[in-house]
*Asks:* 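Here you go, one structure.
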Amino acid sequence: MRVLILGGTREARDLAAVLVGEPDMTVTTSLAGRVRDPALPAGETVIGGFGGVDGLRAFLRARRIDVVVDATHPFAATMSAHAVAACADVAAAEEPAGPGSPGAGRLAVPLLRLARPGWTGRPGDDWHRVRDVAAAADRARELCPAGRGVFVTTGRRELAPFATDPDRHYVIRAVDPPTGTLPPWHTVLLGRGPYTVEGESRILREHDVRVLVSKDSGGDLTAAKLAAARALGLPVVLVDRPRQAGPAAPRWPDVPGVLAALRAITPRRPDGPSPDRSDLGRRP
Ligand code: NAP
C-alpha cells in the first residue's frame, strides 16, 4: 500500500518512522519547504508544494497513492483543504458515485487526518484566545505596558501586525530568520523545540517579557513556554486554530490511532486481494 504523508510535524515524522518498518507499505512524506534545514522523516521525502489541488491530484495519480495521511501543522489549513478536494476529485474521476452505487460518499483515495489536540488551560493560566495573529497583536498591545517585552512565537511569516508598534520590545522566536518588516524594537531568537521550562523562564525574565503570544499548536514540543508564563503569572495571547470549511477527513489525535486504521485496511496476505479501503471513511 502506498501511503502519502502530508508532513511538517513531529507526528508526521513519528508516523513515517513506524510505516517504513511495515512490510506492506511504502511511505512518501511531503514537506512545504518552509524551513531551510528541515528535520527529515524516514522514507522518501518530496519538498515543495504540489501546485494546488490539480497538482496534488496529479501526484496522487502518477504515484498511484492508496492512502493519504494529512499530518500537517494544525494551522496549515490550505494544505488540509487541498487534500480533501484532491482526494475527492480522484474519487470523482476514478469511481463515479451516484446514489446507491458502491462508491457513493466514499473517497477513492482515502484521507486520514492526524492532528494533535489543542492545549487546554490549567489553574493559574491567564489565557486570552483570539481569532488570528492580527487580533493577537492588538491584544498583546492592550496587555503589555509600553517599554516592556512581548514574546512572539507565532512564526516568522506573520510579523507585520506587530511591526507598527514602536513602544514595546518584541522578542521574536523562529526556526529561520524572519524576512518581512519587523517592529522597530526587537530581538530575534533562533530556535527549534523541544524547549524547557527553565529555558523559557530565562527568556521571559531576561527580556522583561509581560505577554506571551502563541498559536494553539498543541503537543509537548513547545508547551514549556505556557508553564513558564503560568509560573510567572504572565498573560498568554493564544491564537485559535483555523476552522476548516466543508467536509473534513476522519481524524485521529495520535500515531497509534492512524496506524491501527491503516493496518485494518492492509491485506496481510501478499497474494491476497486488493486492500479493502471501505473502512477509511469512518471514525474509529
Ligand atoms: P498552508 O497555508 O496550509 O499551505 C500553503 C501551501 O503550502 C499549500 O497550498 C501547499 O502548496 C504548500 N504546503 C503546505 N504544507 C505542505 C506539505 N506538507 N507538503 C507539500 N506542500 C505543502 O501551510 P503553510 O503555509 O506551510 O503554513 C500555514 C501555517 O502553518 C502557518 O501559520 C505556519 O506557521 C504553520 N506551520 C506550518 C508548518 C509546515 O510544515 N507547513 C510547520 C509549522 C507551522 P501547493 O498549493 O503548491 O501544493
Side-chain angles (χ1 to χ4, degrees), residues 3-16 27-41 43-63 65 67-87 89-90 111-116 118-119 130-137 152-162 172-180 190-195 213-223 225 237-246 248-249:
V3 181
L4 171 64
I5 301 173
L6 305 174
T9 57
R10 186 176 66 178
E11 292 76 17
R13 291 193 295 278
D14 290 346
L15 180 63
V27 185
T28 301
T29 299
S30 74
L31 301 175
R34 297 279 177 254
V35 297
R36 279 200 298 223
D37 180 24
L40 292 177
E44 183 193 22
T45 306
V46 292
I47 299 182
F50 297 99
V53 174
D54 288 347
L56 177 55
R57 186 175 48 200
F59 185 93
L60 298 178
R61 285 193 179 131
R63 296 295 194 97
I65 299 295
V67 182
V68 177
V69 180
D70 174 7
T72 54
H73 190 270
F75 282 76
T78 302
M79 188 68 250
S80 293
H82 286 185
V84 170
C87 288
D89 279 356
V90 171
L111 173 64
L112 312 184
R113 177 75 169 117
L114 169 56
R116 59 189 178 234
W119 286 312
V130 294
R131 194 180 65 248
D132 54 29
V133 175
V152 179
T153 63
T154 44
R156 68 187 175 103
R157 296 161 63 87
E158 294 171 272
L159 295 169
F162 302 97
I172 298 162
R173 183 167 63 204
V175 176
D176 288 325
T179 47
L190 297 183
R192 196 196 297 251
Y195 302 104
V213 181
S214 173
K215 290 175 174 166
D216 185 7
S217 298
D220 53 11
L221 210 60
T222 60
K225 59 192 170 187
V237 180
L238 209 54
V239 181
D240 278 334
R241 294 175 171 203
R243 277 172 217 240
Q244 193 174 327

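Order of listing sets the numbers, starting from 1, for every ligand and every atom in it.
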*Asks:* So for atom CZ, which belongs to Arg131, do other residues, nucleotides or ligands contribute more than 12 heavy atoms lying within a distance under 6.0 Å?
*Replies:*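 Count not over threshold, so no.
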
*Asks:* List the closest protein heavy-atom neighbour of atom 11 (O) of ligand 1: residue, atom name, distance to the nearest 0.1 Å.
*Replies:*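 Its nearest protein heavy-atom neighbour is Gly49 CA, 3.6 Å.
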
*Asks:* Heavy-atom contact under 4.0 Å between Gly48 and ligand 1?
*Replies:*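 For ligand 1, residue contact (heavy atoms, under 4.0 Å) with Gly48 is present.
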
*Asks:* May I ask you to identify, for Leu31, whether its side chain, its backbone, both or neither come under 4.0 Å of ligand 1 on a heavy-atom basis?
*Replies:* backbone

*Asks:* Would a distance-only check, ignoring hydrogens and angles, find a side-chain to backbone donor-acceptor pair under 3.5 Å from Asp216 to Trp119?
*Replies:* yes

*Asks:* Which residue and atom name correspond to the protein heavy atom nearest atom 47 (O) of ligand 1, and how close is it?
*Replies:* Gly51 N, 2.9 Å

*Asks:* Can you check whether Thr154 has an N/O within less than 3.5 Å of an N/O in ligand 1?
*Replies:* no

*Asks:* Is any side-chain heavy atom of Phe50 less than 4.5 Å from a side-chain heavy atom of His82?
*Replies:* no

*Asks:* For atom 48 (O) of ligand 1, what's the nearest protein heavy-atom neighbour? Residue, atom name and distance, please.
*Replies:*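 Atom 48 (O) of ligand 1 sits closest to the protein heavy atom Phe50 N, 2.7 Å.
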
*Asks:* Run the contact test for Ala77 against ligand 1 with a 4.0 Å cut-off on heavy atoms, strictly below, and give the result.
*Replies:*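 Heavy atoms of Ala77 do come under 4.0 Å of ligand 1.
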
*Asks:* Does the residue Gly8 have a heavy-atom contact with ligand 1, meaning some pair of atoms that are separated by less than 4.0 Å?
*Replies:*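 Gly8: in contact with ligand 1 (<4.0 Å).
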
*Asks:* Counting heavy atoms only, which of His73, Glu158, Arg34, Arg156 comes nearest to atom 26 (O) of ligand 1?
*Replies:*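 Answer by nearest heavy atom: Arg34.
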
*Asks:* If we ignore hydrogens and angles and just use 3.5 Å, is the side chain of Arg156 paired with the main-chain N or O of Thr179 as donor and acceptor?
*Replies:* no

*Asks:* May I ask you to check if ligand 1 and Thr78 share an N or O to N or O distance below 3.5 Å?
*Replies:*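 Yes, since at least one N or O of Thr78 sits under 3.5 Å from an N or O of ligand 1.
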
*Asks:* Just need the protein heavy atom nearest to atom 28 (C) of ligand 1, so name the residue and atom and give the distance.
*Replies:* Phe75 O, 3.6 Å

*Asks:* Looking at atom 19 (N) of ligand 1, what's its closest protein heavy atom, distance included?
*Replies:*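 The protein heavy atom lying closest is Ser30 OG, 2.8 Å.
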
*Asks:* Ignoring hydrogens and angles, tell me if any N or O in the side chain of Arg116 forms a donor-acceptor pair with the backbone of Gly218 under 3.5 Å.
*Replies:* yes

*Asks:* Taking Thr153 for the side chain and Val213 for the main chain, is one N or O donor matched with an acceptor at less than 3.5 Å?
*Replies:* yes

*Asks:* Looking at ligand 1, does any of its N/O atoms fall within less than 3.5 Å of an N/O of Leu6?
*Replies:* no

*Asks:* Given Ala81, Ala32, Ala174, Ala76, identify the one with the heavy atom nearest to atom 27 (O) of ligand 1.
*Replies:* Ala76

*Asks:* Run the numbers for me: atoms of ligand 1, each under 4.0 Å from some heavy atom of Thr72, listed by number.
*Replies:*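 Going through ligand 1 atom by atom, the ones under 4.0 Å from Thr72 are 18 (N).
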
*Asks:* Write out the residue and atom name of the closest protein heavy atom to atom 46 (O) of ligand 1, then the distance separating them to 0.1 Å.
*Replies:*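 That would be Gly52 N, 3.1 Å.
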
*Asks:* N/O of Lys215 under 3.5 Å from N/O of ligand 1, yes or no?
*Replies:*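 Yes, there is a polar N/O contact under 3.5 Å.
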
*Asks:* How does Met79 reach ligand 1, by side chain, by backbone, by both or by neither, if only non-hydrogen atoms under 4.0 Å count?
*Replies:*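 Under 4.0 Å from ligand 1, Met79 contributes backbone and side-chain atoms.
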
*Asks:* Does a side-chain N-to-carboxylate-O contact under 4.0 Å join Arg10 and Asp220?
*Replies:*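 A salt bridge links Arg10 with Asp220.
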
